[in-house]
There are 2 protein chains.
Amino acid sequence: MPRRSYDQFCAIARALDVLGERWTLLIVRELLGGPRRYSDLLADLPGISTDVLAARLREMEGDELITRRPIGTRGTASAYELTGAGTALTGVVEALAGWGSDRLEARGATDAVRGHWFALPLALRFGELAGGRDGVVEVRLEEGVFHLGLAPVTYADGAAARPDAVVATDHGTAADVASGRATLPEAVRAGRATVTGDTPLAGALSGRAVAV
Amino acid sequence: MPRRSYDQFCAIARALDVLGERWTLLIVRELLGGPRRYSDLLADLPGISTDVLAARLREMEGDELITRRPIGTRGTASAYELTGAGTALTGVVEALAGWGSDRLEARGATDAVRGHWFALPLALRFGELAGGRDGVVEVRLEEGVFHLGLAPVTYADGAAARPDAVVATDHGTAADVASGRATLPEAVRAGRATVTGDTPLAGALSGRAVAV
DNA sequence: CGGCATCCGTGACGATACTG
DNA sequence: CAGTATCGTCACGGATGCCG
């Protein structure tokens, strides 16, 4: 039985037929950082219920956004991973992150937070500071470490092999930078973040002049 | 009473709190071409019910995506128009259009069509042909005329004051070009589209060499 | 005619409990 | 750990009615 569709011969409506249901794009947000297991997704999507997560994963598999891969030696454990079409959604999620950053001003009392939720917004800000040049930035927060590619924007869990710059901060400062309340150089000057590295990119991120 | 929120301190979740409900982004799609009246929206959003349209418009006004402006001499007629924050959604809708174009292959039996639904996908394709240069392209379909700015992508109803190129075709060909099944130069050679103008942009769109 | 409000049937969603 | 089963609630879609 086909799911509910807008029944419009329109690229935007077609995209929303697949992506428009609740939670789908947030699952994509999680998987953009790399493969995740069911319980990982459940933990980083606070508010989703178990049946809805299972249903979305099945639908997204049918829509060829994700694949499930058996993991571990024995047992039922699986990892969910974006396909090529799923990874191609980076631009969509990036656009949403850019637009939504302006509405990130206040943290509500009931709002959950995860460190890697700031990956894409930070990548956009870092890309501005870098003036469009590419580079790999490793970001270290209390909750974990991830690394970003700036042009084009990519994002993956864990430390980078050879980062051009390493940014260490807390998620409060990350939120301030992501939302535009502060710039990264301002945060560095205020002692709320550190930027390590001797590359031009590290200089641009920290606001220091660095010899090329 | 606040609407349903994801309650996540995340730019993407914040964006989806505002944009994620059914029909909202399709209303944005309509309004990106300029102000529209309630009955215009009802006509170009086949499948929406009257109460849902009214509810969305009120929510979007509260979220400062749109404003309503009284129109005409007397009477209750209003025009709905995007605010600055609403217009800033061009990048989001553009990203969705780019991703959804690949899934536009077949027109379903129950699919509705409108000419201006191809505006943003066509603008992306024309932008590729133009090699990133700006320019104004007027598009003439049976259902109406609109014009596109290529870099950055804009879209408005009606004819352009001084278009750099004029493309005339039918919406079937527009769909083929938008989805990538055909390129515009191929459609021109097949006699399914015409490109008028003596500018480099017109040359790039038609596949002809044009003297600068 | 434009701009909704009301009523109603269906289906999606959210919370919890339960199972292999 | 990775889901399925159950159930109450709410959003959506369709039809109709109202009112300036």
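The side chain of A:Y38 approaches D:dG3 more closely than any other nucleotide in the set D:dG13, D:dG3, C:dG3. Among D:dG13, D:dA11, C:dG3, the nucleotide with an atom closest to any side-chain atom of B:R56 is D:dA11.
Straight-line distance from the CG atom of A:L53 to the C1' atom of C:dA12: 16 Å, rounded to whole Å. At whole-Å resolution of the value, CG in A:L42 and C1' in D:dT4 are 14 Å apart. Rounded to whole Å, the distance from CD on B:E21 to P on D:dA11 is 8 Å. In this structure, the CZ atom of A:R22 is 15 Å from the C1' atom of D:dC12, given to the nearest Å. For B:R69 and C:dG2, the CZ to P distance is 17 Å, given to the nearest whole Å. Taking atom CG of B:D51 as the reference point, atom P of D:dC18 lies 17 Å away to the nearest angstrom. At whole-Å resolution of the value, CG in B:D40 and P in C:dC1 are 14 Å apart. Counting to the nearest Å, the C1' atom of D:dC12 and the CG atom of B:L45 are 15 Å from each other.
Between B:E61 and B:R58 there is no salt bridge, since none of the side-chain N atoms of the basic residue sits less than 4.0 Å from a carboxylate O of the acidic one. Between A:R29 and A:D44 no salt bridge is recorded (no basic side-chain N to carboxylate O distance below 4.0 Å).
OP1 and OP2 of C:dG3 both lie 4.0 Å or more from every side-chain N or O belonging to B:R68. Put simply, B:W23 has a side-chain N or O that comes within less than 4.0 Å of OP1 or OP2 on D:dG13. The shortest distance between the side-chain N/O atoms of B:R58 and the OP1/OP2 oxygens of C:dA5 is below 4.0 Å. A sub-4.0 Å separation between OP1 or OP2 of D:dG3 and a side-chain N or O of A:Y80 is present.
The residue B:S49 sits close to a base: some heavy atom pair falls under 4.0 Å. Looking at heavy-atom distances under 4.0 Å, A:T50 makes contact with a base.
A:R68 is not listed as a side-chain neighbour of A:L57, based on a closest heavy-atom distance of 4.5 Å or more.
Under the 3.5 Å distance criterion, the side-chain polar atoms of B:W99 are left unmatched by any main-chain donor or acceptor of A:T90.
Using bins of under 30°, 30° to 60° and over 60° for the plane-to-plane angle, the ring pair A:H171/A:F118 lands in the parallel bin.
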